[in-house]
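What follows is a short report on a single structure.
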Amino acid sequence: MTLLNLCLQVMKASSDDRAALSFSLFDADGSGAMDSAEVMGMLLAGAKDSKTSFAQVHDMIRALDEDGDGTVTIDEFKVCLAPPTTATTH
Ligand SMILES: [Ca+2]
């Protein structure tokens, strides 16, 4: 399962509890932020035949990492779960 697939599944459920649960799967050390190594570890544990490369995981983390600190907090994670109804202008 890829991070994107997980996001899509949770998007259907659309609940904070499920978001937190999904996040906790990735946040192996419970630090409140997930990094590439934690996501890669979860993917490898869940699917031994995973074709996902570390570079792909790193790209997924970077796509979610709004503040650019190299990790994804639950707030950053929730952004990918939010329905695309709140259009913002910059
Ligand atoms: Ca971050």
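Starting from 1, each residue takes its place in the sequence as its number. All ligand and atom numbering here is 1-based and tracks the order in the structure.
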Residue pairs meeting salt bridge (Lys or Arg N to Asp or Glu O under 4.0 Å), one or both in residues 55-64, sequence neighbours left out, come to Asp59-Arg62
d(Ile61 CD1, Phe26 CZ) to nearest 0.5 Å is 8.0 Å
To the nearest 0.5 Å, atom CD of Glu76 lies from atom CG of Asp67 at 4.5 Å
So the protein N/O/S atoms within less than 3.0 Å of the Ca ion (ligand 1) come down to Asp65 OD1, Asp67 OD1, Asp69 OD1, Thr71 O, Glu76 OE1, Glu76 OE2
Value for CG (Asp27) from OG1 (Thr73), rounded to nearest 0.5 Å, stands at 10.0 Å
Here the gap from Ser36 atom OG to Gln56 atom CD, rounded to the nearest 0.5 Å, amounts to 12.0 Å
Between the OG atom in Ser53 and the NE2 atom in His58, the distance rounded to the nearest 0.5 Å is 11.0 Å
